[in-house]
There are 2 protein chains.
Amino acid sequence: MNECLFIYLHKLKKQTNMARKIDEDKLVRIKNATMKTIVDYGIEKTTIAMIAKNANVSGGYLYRLYSGKQALIEELYYDKVVALNNELEFLIGLNPTSASSIIEAFIQNRIVFALNEAEASKFYYQLLHNNNFNVNDDLKNRNIALIEIIKNIGVKTGEIHKNVSILQIHFHLFMYVVDYIHFNLKNAFANGTIADSDVQYLTQNILNILKKPN
Amino acid sequence: MNECLFIYLHKLKKQTNMARKIDEDKLVRIKNATMKTIVDYGIEKTTIAMIAKNANVSGGYLYRLYSGKQALIEELYYDKVVALNNELEFLIGLNPTSASSIIEAFIQNRIVFALNEAEASKFYYQLLHNNNFNVNDDLKNRNIALIEIIKNIGVKTGEIHKNVSILQIHFHLFMYVVDYIHFNLKNAFANGTIADSDVQYLTQNILNILKKPN
DNA sequence: AATAAATGAATGAATGTTTATTCATATATT
DNA sequence: AATATATGAATAAACATTCATTCATTTATT
């Protein structure tokens, strides 16, 4: 079930004829447990029972909120993709004349997210590379549209070469950055941390790449 | 079971007392079927029964050659990682005084591999990003040793900055390149093919990155 | 050369486990 | 009491794995 719809129905109930108080943070617990379990054990080995246990919720209750395991994971993933699009749109509004500012801020936010919401970030990273979970065309198209805006800004200012494809920008902004951050966090034993200094490093690398045609 | 061991035992038998001729390409069929099934349906949805069917082999026979599903997939993955290390070692031998030559040749080979052995290449890409399959420390250490050699060459010639970490080089050579190729092949509908021209593009991008400290 | 015995390859039905999903029941709230 | 939430045991489907059996080939015996 869609989260917004759920909350809406839930509030409706409250206004009319509430029988039993909903355990308010149950949905949050389920979401966190899903992400944590998948991060710890991988999607293949994660079962509904494990998620339910980690969320302190009965197994059957999950089916009240989601139609099944796939839907549960999908919704978490799609929510994040929507949030990323929203964030990008917001950053474009903030910096309507500088592609590098948008890119830099976006990268900064990826690092903050990876550090502050490690579970959610690792979860997103896993799904990004899982063939069984693909975002729908609407989400894809909105993302393409936003990247086109960034490209237009960059071409105007000379920050991006006019022959750079939308896919190139998408790849470097959404895959390269995320992979870079997670690779460094995963290998944190040997020099591999991630910090604010990486923002400049990543930004410069990507801007250099986007300056050339491909 | 290890492939080399298998072939060895198999030949031993031939010398003494062979009861029934082995279907020679059965092992090859199983390997190909495993990769193809996983590429088509993902690891989660791939079952032993599906692999056996695609390989034209009985389900139970898989357990003569491998101790189970996990071992079957692992061996295919590890074989590829070993092959990559061997290839890198070979390329270092060929170009002992030029990091860029090694890197360029390695990238070239990745693209050829992705085009000529698409199934195997996609299979490797999937496992590269799957947390449930990690290469052992020996393989990791050998890889690190090889990359250290490349770094030393590059630092001497000025192609690589002395402050670039081994992890950086590893990431860009083994993740960035592979991800780039597969991203472009996956999105082949819109301008996204991969060709020899990408060799120069990728090589230059990576060399530029490795020229700077991180 | 013909036949029988021995051997190991290969099968696929049977087994037992794991898992997603359902549903009868219990519990809490008004 | 009425109503909705929440439970978790029960169910059924899917699955990895095993194993008794079959089959093709080689070796020994005549």
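The analysis underlying the following values was restricted to heavy atoms, covering all of them including side chains, and did not include hydrogens, waters or symmetry mates. In this text, all values refer to a predicted model and were calculated from it rather than measured experimentally. Reminder, nothing fancy here: chain letters follow the sequence lines and each chain counts from 1.
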Whole angstroms only, please: what is the [atom1]-[atom2] distance between [X] and [N]?
| X | N | atom1 | atom2 | answer |
| --- | --- | --- | --- | --- |
| B:I51 | C:dG12 | CD1 | P | 17 Å |
| B:N56 | C:dA10 | CG | P | 13 Å |
| A:K26 | C:dA28 | NZ | C1' | 11 Å |
| A:R29 | D:dT7 | CZ | C1' | 13 Å |

Residue pair B:Y180, B:H172: steps toward the ring pair (Phe, Tyr, Trp, His ring centres under 6.0 Å) verdict: CA-CA 10 Å; B:Y180 180 92; B:H172 287 95; over 10 Å; no
Distance test, side-chain N/O of A:S58 to OP1/OP2 of D:dT7, below 4.0 Å: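 Yes, within the criterion.
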Short side-chain N/O contact to C:dT11 OP1/OP2 from B:K53, under 4.0 Å: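 No, B:K53 has no side-chain N/O under 4.0 Å of OP1/OP2 on C:dT11.
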Under 4.0 Å protein heavy-atom contacts per nucleotide of nucleotides 17-22 of chain C, with B for base, S for backbone only and - for none: --SSBB
For A:H170, ring-ring contact (aromatic ring centres under 6.0 Å, His included) partners two or more places apart: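 Per chain and number, A:H170 pairs via ring-ring contact (aromatic ring centres under 6.0 Å, His included) with A:F174, B:F183.
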Report all side-chain donor-acceptor pairs from residues 103-112 of chain A shorter than 3.5 Å, counting only partners two or more places apart or in another chain.
| unit_1 | atom_1 | unit_2 | atom_2 | d |
| --- | --- | --- | --- | --- |
| A:E104 | OE2 | A:Q200 | NE2 | 2.8 |
| A:Q108 | NE2 | A:D196 | OD1 | 3.4 |
| A:N109 | ND2 | A:E87 | OE2 | 2.8 |
| A:R110 | NH2 | A:E87 | OE1 | 2.5 |
| A:R110 | NH2 | A:E87 | OE2 | 2.5 |

Closest to side chain of B:R64, choosing from D:dT7, C:dA9, C:dT11: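 Among the listed nucleotides, the one closest to the side chain of B:R64 is C:dA9.
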Does [X] have any side-chain hydrogen bond (donor to acceptor under 3.5 Å, both in side chains) partners at least two apart in sequence or in another chain, and if so, which?
| X | answer |
| --- | --- |
| A:T34 | none |
| B:N54 | B:T37 |
| B:K122 | none |

